[in-house]
Amino acid sequence: MCGIMGYVGPQQAGPILIDGLKRLEYRGYDSAGIAVSNGDIRVMKAQGKIANLEALVDGDQPTGNVGIGHTRWATHGAPTDANAHPHTDPSGEFVVVHNGIIENFQDIKTELAELGAEFASDTDTELLAHLVAREYDGDLVEAVRRTVALSEGAYAMVVMSTREPETIVAVRKISPLVVGLGDGETYLASDIPAVLHHTRDFLIIEDDEMVIVTSEGATVETIDGDSVERDAIHIDWDAGQAEKGGYEHFMLKEIHEQPDVITETLGGRISEDGSVWLEDVAFDDAYIAGLDRVWITACGTAFHAGLIGQEIFRRVLRLPANVEYAHELRYADPIIGPRELMIAISQSGETADTLAAARVAPDHGSRMLAITNVVGSTLSRYADDVLYTRAGPEISVASTKAYMAMLIAQYLLALRLGAARGTVNEQQAQAVAHGLHRLPAAIEEVLGNEDEAIAAAAAITDADDVYFIGRGLDYAIAMEGSLKLKEISYLHSEAMPAGELKHGTLALITEGVPVVVILTQRDVYDKTISAIQEVKARGGRILAVAYDTDEEIDTYADLVMRIPDMDDLLAPVAAVVPLQLLAYHVARLRGHDIDQPRNLAKSVTVE
Ligand code: F6R
């Protein structure tokens, strides 16, 4: 999960590469580097954030019109200058950047070492540079092809050489790679936003393809050498969407974008009467009527969105629904029948575990529907049906608006499936549609209560541990609230069903320990109040998320974060927002790097 850049054209490559790397920094930021060619290749790299690389090249820009760059998230070797990409062969004539893992790294290293090779780094990438140099006999493309044949794993690699100085050769095996087509100049990148300010026309490189890039454009081939006709796609995203827009952090901006994200994700897909039309979902009513089960698979925040989906599908469709962690499901040998629908949820559409789990479905003859935010992502291309979330580019590593859009997508899907199965009648569909259309305004209202989250943040910022509890849909929200807090505030927290507390964790509740309670599910309200009383009896502090009509909670809670009263089924959409704000403000009080939390990266493309 690193970021890759490449440039060939009339301009100086160095500044273009560094600018692109900054836009890719969310993919990894423990070191960065560039290699620029003007016939000779100059490599410059630095440990740490891209600012360190910028400082290094300041006043000493490498000159040349061809170059490759990389921002790293370490998998092989510590994040040091030596391990930063690009890597060269010993002659310095072949230079490589790479994203992903070479699984037979040790075998290749042993073989090269036996032939007398010495290595300047601990990385698997350096081995690729050695191999390309060894395999080169006058044709860079063929040398790369032979190197790929020797290298197992999921990766993208980009190669440049003094021998063919006007060309960059890149390969995609799972890890994402796009080509941006300019006028007399061509860009390579791990994803579209990195070069969107230069061009809006892109070639998406598929798995097991190579691309040969020159200033005149790009030629796509399969790894086996067959030529590939690939049409460019035109991207309409607003480049300004990827900027901070006046907020202190991308995360806060993205939290505040959520009303718009709901509107976008619903747009043109649901009418006032609740009928739903999903443009890239091809299955028909007969298929839906024959369904026996719904599976959902995802990781992290997307998994938490799946927890909500599981509950919604069960309630709305009266069908068995299971959400499974993708990294578990892929090895679980699950029993999936052909009349079962697999839904894979992934913001990036590139999460390696989710891609692998999603592929379990076709192996069992069942259909796979992707819910993803990235058009043209690998998951979207694996899928039989796609439901795009339309959240726009999410820059903050901690996911907020993409999660929100995943919830909305699942409500739409549940309505579509429910209508076809006859489990949702017209009146119910209309009521849900009405509720969904009101959500943007409801979320604006919650955002207007940000002071409550700020007060709650001040109350827990010095805590050692925080617990999150809730029942049913509230438990799913507790899971997401807890994850958000952990990942950006580094404060230990744990989420559990409210009823589970007394089965062990209650032993940890002592004077002053904060417990965040979500109370939107009226059918289990009193049960959750019992859990609150257990906490209060041990001196714990209660921070509640509750409807603004709920007066009873004032009796129990030390602090309440309010959301507008609404249908309990839709309440997760509102209830998550104060918890996102809570996590944000705790992290801010603690002075953390909110958009790029330590040890994490935006897109987890390795297993
Ligand atoms: C947390 C977060 C991660 C991702 C997870 C899956 O804020 O962003 O937990 O949700 O890595 O990523 P995607 O959705 O891209 O598959």
Side-chain angles (χ1 to χ4, degrees), residues 1 3 26-28 73 154 174-176 190-191 193 249-252 254-255 258 261 296-309 323-330 343-359 368 370-380 382-383 386-407 409-410 476-477 479-490 493 495 576-577 579-584 586-587 592-607:
M1 112 184 64
Y26 69 88
R27 294 183 65 87
W73 186 79
I174 310 282
S175 295
S190 298
D191 70 21
H249 298 96
F250 280 112
M251 182 180 178
L252 190 60
E254 288 162 3
I255 290 172
Q258 292 180 117
V261 165
I296 306 169
T297 193
C299 303
T301 284
F303 174 83
H304 296 155
L307 280 171
I308 302 278
V323 59
E324 305 284 345
Y325 283 115
H327 35 85
E328 288 291 312
L329 185 70
R330 65 185 291 188
I343 302 171
I345 310 179
S346 172
Q347 184 283 128
S348 61
E350 303 294 348
T351 299
D353 285 315
T354 307
L355 293 178
R359 289 196 141 175
M368 193 271 279
I371 296 181
T372 182
N373 195 35
V374 181
V375 177
S377 59
T378 307
L379 185 67
S380 72
Y382 284 176
V386 189
L387 183 40
Y388 286 112
T389 47
R390 303 183 188 159
E394 190 176 60
I395 306 295
S396 163
V397 166
S399 181
T400 53
K401 64 174 183 171
Y403 169 83
M404 175 70 73
M406 289 166 185
L407 300 191
Q410 290 178 103
I477 290 300
M479 291 283 284
E480 177 57 8
S482 169
L483 180 68
K484 281 292 89 83
L485 187 66
K486 274 187 267 204
E487 62 185 326
I488 58 169
S489 77
Y490 316 149
S493 80
V576 75
V577 177
L579 301 185
Q580 295 168 338
L581 290 168
L582 175 69
Y584 173 81
V586 174
H592 293 164
D593 185 345
I594 292 179
D595 288 329
Q596 294 183 341
R598 71 180 180 211
N599 303 343
L600 302 179
K602 185 68 185 161
S603 180
V604 187
T605 53
V606 293
E607 186 173 356

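These figures come from a predicted structure and were not determined experimentally. When a ligand or atom number is given, it counts from 1 through the structure's own listing order.
With sequence neighbours left out, the side-chain hydrogen bond (donor to acceptor under 3.5 Å, both in side chains) criterion links Gln410 to no other residue. Remark: Ser489 engages no residue in a side-chain hydrogen bond (donor to acceptor under 3.5 Å, both in side chains) (not counting sequence neighbours). Judged as a side-chain hydrogen bond (donor to acceptor under 3.5 Å, both in side chains), and not counting sequence neighbours, the contacts of Thr378 are Arg172, Glu350.
Between Tyr584 and His249, the angle of the ring planes goes over 60°, which puts this pair in the perpendicular group of the 30/60° scheme.
Note that OH of Tyr490 is 7.5 Å distant from CG of Asn599, once rounded to the nearest 0.5 Å.
Donor-acceptor pairing under 3.5 Å is recorded for the side chains of Ser399 and Glu394.
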Show the short N or O contacts, below 3.5 Å, that ligand 1 makes with protein N or O atoms; if there are none, say 'none'.
from	atom 1	to	atom 2	distance (Å)
ligand 1	7 (O)	Thr301	OG1	3.3
ligand 1	7 (O)	Ser399	N	2.8
ligand 1	7 (O)	Lys484	NZ	3.1
ligand 1	7 (O)	Glu487	OE1	3.1
ligand 1	7 (O)	Glu487	OE2	2.6
ligand 1	8 (O)	Val397	O	3.3
ligand 1	9 (O)	Thr301	N	3.1
ligand 1	10 (O)	Thr301	N	3.1
ligand 1	12 (O)	Thr351	OG1	3.4
ligand 1	14 (O)	Gln347	N	2.6
ligand 1	15 (O)	Ser346	OG	3.4
ligand 1	15 (O)	Ser348	N	2.9
ligand 1	15 (O)	Ser348	OG	2.6
ligand 1	15 (O)	Thr351	OG1	3.3
ligand 1	16 (O)	Ser346	OG	2.5
ligand 1	16 (O)	Thr351	OG1	2.4

